Amino acid sequence: MIQKMINAGDLKQYIHKVDTEDRTKRSKQVQLPEGNRTLNTISCSGAVGPSLTTQIGKRLKKQFEDYCELYKIDGVEVDEHEHWMDAPMNFDAEDIEEDMEDHNDPLVLTLPVAGFNVKKILIDGGSSVNVLFYDTFKQMELNDEQLMSSYYTIYGFNGAPTKPLGDIVLQVNAGPMKVDTRFSVVDAPSPYNAIIGRRWVHNLKGVATTYHQYLRFPTPEGVMEIKGDQVTAREC
């Protein structure tokens with residue numbers, strides 16, 4: 001009976017539906033800088049040995065002691081306990097598009113890195129290190145003289161221990177948040193341009209979800225989000 005009254009519109013003054021526009025007010029979509037050059041893909045041979053998923057999940061033999069990432073807004077370092085960091089981040093059924101159900105895609109984003117909009121960045125919560133692949137490094141017009149010495153070995157790439165060519169600190173932006181991020185530059189084949197690990201997501205106080213295909217994080221402007229690129233994820 002009640003449902004019939006609802007369908008007839010007799011109770012519309014008592015009903016409030018949360019439409020898509022209302023939901024988008026909860027978080028703001030991050031827009032990429034238009035002036036940046038875009039790095040879309042890398043050329044590499046087929047991977048040999050264990051799958052990349054297995055490789056990424058490998059633990060580091062030794063974590064380097066001087067690993068430090070600075071968290072900034074407009075060049076000013078941010079205190080770790082600002083009140084806006086306590087904003088709730090919600091995910092629900094409305095975030096799932098019809099063609100997304102039952103997918104098994106990783107979270108792959110496009111992020112501004114050192115003035116380039118770099119595509120095919122894998123957000124990997126199982127990795128404690130950020131990796132920038134050497135082909136991408138060269139496309140960004142960086143040179144080997146900018147590399148710092150690495151003091152550790154990464155296991156898993158090509159099924160063998162891999163010594164990074166060196167480390168480099170690059171600014172990675174997420175909306176107004178700017179994080180000076182330390183990457184290990186690795187000369188190895190990969191379908192991705194870079195891998196960003198959990199430390200970077202934690203610095204943003206963010207939540208990355210592969211199922212909902214979003215990275216959401218607090219900012220002084222409210223909760224913002226970056227949507228995953230499932231088409232690119234499946235290509236990778």
Side-chain angles (χ1 to χ4, degrees), residues 6 14-33 38 51-57 69 71-73 78-113 117-131 171-179 181 191-236:
I6 292 174
Y14 303 110
I15 297 173
H16 173 67
K17 292 184 179 180
V18 180
D19 57 22
T20 303
E21 183 176 353
D22 290 334
R23 290 185 179 278
T24 57
K25 293 177 182 177
R26 297 185 312 187
S27 55
K28 302 176 184 177
Q29 189 77 28
V30 170
Q31 302 297 322
L32 292 171
T38 297
S51 68
L52 187 63
T53 302
T54 302
Q55 296 167 8
I56 293 169
E69 295 182 348
Y71 180 49
K72 301 183 296 183
I73 302 177
V78 178
D79 185 84
E80 292 185 359
H81 302 288
E82 297 285 351
H83 69 279
W84 48 263
M85 295 179 182
D86 298 328
M89 283 165 283
N90 303 311
F91 298 88
D92 56 36
E94 294 298 325
D95 293 319
I96 306 300
E97 300 172 7
E98 290 184 3
D99 59 347
M100 286 176 56
E101 294 182 0
D102 300 323
H103 74 83
N104 192 34
D105 302 323
L107 184 59
V108 176
L109 305 180
T110 299
L111 293 171
V113 181
N117 294 333
V118 181
K119 296 187 175 183
K120 295 187 177 181
I121 296 179
L122 175 67
I123 304 299
D124 178 27
S127 176
S128 59
V129 66
N130 305 308
V131 175
Q171 183 173 282
V172 181
N173 296 351
M177 315 312 295
K178 299 172 174 38
V179 183
T181 305
Y192 301 104
N193 286 320
I195 298 171
I196 285 184
R198 60 181 178 269
R199 184 185 297 268
W200 187 86
V201 176
H202 291 180
N203 276 348
L204 281 181
K205 308 294 188 293
V207 178
T209 165
T210 56
Y211 178 65
H212 297 90
Q213 286 289 298
Y214 279 107
L215 168 67
R216 286 182 178 155
F217 51 94
T219 78
E221 303 172 14
V223 174
M224 303 190 79
E225 66 183 23
I226 302 174
K227 184 172 175 56
D229 185 347
Q230 286 185 278
V231 174
T232 299
R234 291 168 185 173
E235 290 176 356
C236 292

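Residue numbers start at 1 and run along the sequence shown. On a predicted model such as this, the values are computed, not experimentally measured, just so you know.
Side-chain contact between Pro191 and Lys120: absent, with no pair of heavy atoms (C-beta onward) separated by less than 4.5 Å.
Residues satisfying the side-chain hydrogen bond (donor to acceptor under 3.5 Å, both in side chains) criterion with Asn173, sequence neighbours excluded, are Gln171. Take Ala233 and apply the side-chain contact (heavy atoms from CB on, under 4.5 Å) test, not counting sequence neighbours, and it matches Asp105, Pro106, Val108.
The two residues Pro176 and Met224 come nearest to each other via the heavy atoms CD-SD, 3.3 Å. Nearest heavy atoms, Val201 versus Val207: CG1-N, 4.4 Å. Residues Gly228 and Leu107 share a closest heavy-atom pair of CA-CD1, 3.7 Å. Val223 approaches Pro88 most closely through the heavy-atom pair CG2-O, 3.7 Å. Taking all atoms of both residues into account, the shortest heavy-atom contact from Ile196 to Asn130 is CA-OD1, 3.4 Å. Nearest heavy-atom pair across Ser128 and Arg199 is O-NE, 4.3 Å.
With rounding to the nearest 0.5 Å, the separation of CD in Gln213 from CD1 in Ile226 is 13.0 Å. Separating the CG atom in Leu109 from the OG1 atom in Thr232 is a distance of 10.5 Å, to the nearest 0.5 Å. Taking CH2 of Trp200 as the start and OG1 of Thr181 as the end, the distance is 7.0 Å to the nearest 0.5 Å. Put simply, NZ on Lys227 and OG1 on Thr110 are 12.5 Å apart, with the number rounded to the nearest 0.5 Å.
When the options Lys205, Glu225, Met177 are evaluated for a side-chain contact (heavy atoms from CB on, under 4.5 Å) with Phe217, the one that passes is Met177.
In this structure a side-chain-to-backbone donor-acceptor pair under 3.5 Å is missing from Asn193 to Ile121.
Using bins of under 30°, 30° to 60° and over 60° for the plane-to-plane angle, the ring pair Tyr211/His103 lands in the parallel bin.
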